[in-house]
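Just so it is clear, the values below take in all heavy atoms, side chains as well, and ignore hydrogens, waters and symmetry mates. First listed ligand is number 1; within each ligand, the first listed atom is number 1. Since we're looking at a predicted model, the values are computed, not measured.
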Amino acid sequence: MTERQPLIAGNWKMHKTLAEARTLARAIRQGAAAGRWAEVALAPPYTALAAVAEELAGSEIRLAAQDTFWEKQGAYTGAISPLMLKDVGCHYVIVGHSERRQFFGETNHTVNQKIKATLAVGLSVILCVGETKDEREGGLTILRVAEQLQEGLAGLTAAPEQLVIAYEPVWAIGTGLTATPDQAQEVHAFIRAELTRLLGVGAPYRIQYGGSVTPDNAAILLGQPDIDGALVGGASLKPELFLPIIAAAG
Ligand code: 13P
């Protein structure tokens, strides 16, 4: 792969009832230009996966889940397995989002288990990494991201179509603060070098940026040489914001 296809993914987080999810998915489907270069994925909450799968049927827009568990099935109350996500029509699973790390006790070790389980059923992973505000201010950004990649990807191999990295600086999520294009590019270039070290090759893997992406900053971020898409939170809930971000990716 010489030219990487950008991936614009909408992480709806804990938003949208069934009816709202259907309306939003329909609007994205209708508004995303046919013949676009970017790949598009939508990650609704678990409760809306089946409904959004129906809305997206026959389109090229991919369905994504926001998290998973590492076991196939069993007595794990409240958990959803990769096999169930495959069954409902998911293509991607987001793993290691900072909100999972912050509020639900996710560690690099559990991230690693979840990635392995997801790849094992043939689904693709979007692995989120990123530093906190304190870590950035303390000069620890590269160290933290390196650790998340090394431990998250320990002992596994994944083809470029099976693994996407999302660099999401925690201080930029939902805050309106965006990494500058230079700040983001610097970490993305590091991630690519680290993928080369860990997986043998880095160039073909896509690395998304996430954190307060809007129609206003999408084009300049996506124009950086190592930024291959966006993982969008707040702006993905509104077609009038998400569609221009898709368009900015070409
Ligand atoms: P915001 O776009 O709302 O900052 O969220 C980013 C994010 O966490 C996507 O996963």
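- Under a 4.0 Å heavy-atom criterion, Ser212 is in contact with ligand 1.
- Per-residue contacts place Asn11 under 4.0 angstrom from the following atoms of ligand 1 (heavy atoms of the residue considered): 9 (C), 10 (O).
- Note on Asp226 versus Arg206: no salt bridge recorded, every NZ/NE/NH1/NH2 to OD/OE distance being 4.0 Å or above.
- Ligand 1 is never approached by Gly210 to a heavy-atom distance shorter than 4.0 Å.
- Under a 3.5 Å cut-off, the side chain of Arg29 and the backbone N or O of Glu55 do form a donor-acceptor pair.
- Remark: the Gln150 side chain and the Glu194 side chain contain an N/O donor-acceptor pair separated by less than 3.5 Å.
- Ligand 1 places these atoms under 4.0 Å from at least one heavy atom of Gly174: 1 (P), 3 (O), 4 (O).
- Glu99 has a carboxylate O that lies under 4.0 Å from a charged side-chain N of Lys13, or vice versa, which qualifies the two as a salt bridge.
- Here the protein heavy atom with the shortest distance to atom 5 (O) of ligand 1 is Lys13 NZ, 3.3 Å.
- Between the side chains of Glu106 and Thr110, at least one donor-acceptor pair of N or O atoms lies under 3.5 Å.
- Regarding atom 2 (O) of ligand 1, its nearest protein heavy-atom neighbour is Gly233 N, 2.9 Å.
- Here Ala172 has backbone heavy atoms under 4.0 Å from ligand 1, and that is the only part of it that gets that close.
- When only non-hydrogen protein atoms are considered, atom 3 (O) of ligand 1 lies nearest to Gly234 N, 2.8 Å.
- Atoms of ligand 1 lying under 4.0 Å from any heavy atom of Gly211, numbered from 1 in the order shown and given with element: 4 (O), 6 (C).
- Residue Ile173 approaches ligand 1 through these ligand atoms, each under 4.0 Å from one of its heavy atoms: 4 (O), 5 (O), 6 (C), 8 (O).
- A 4.5 Å side-chain heavy-atom check between Asn112 and Trp70 finds every atom pair outside the cut-off.
- Grouping the Ile, Leu, Val, Met, Phe, Trp and Tyr side chains by contacts below 4.5 angstrom, directly or via other members, places Phe69 apart from Leu127.
- No side-chain donor-acceptor contact under 3.5 Å links Trp12 and Gln66.
- The nearest heavy-atom contact from the protein to atom 7 (C) of ligand 1 is Glu168 OE2, 3.1 Å.
- Each of Val125, Ile115, Leu119 was compared with Gln162 under the side-chain contact (heavy atoms from CB on, under 4.5 Å) criterion, and only Leu119 meets it.
- Considering backbone and side-chain N/O of Glu99, none are found under 3.5 Å from N/O of ligand 1.
- Of all the heavy atoms of Leu231, the ones lying under 4.0 Å from any atom of ligand 1 are found in both the backbone and the side chain.
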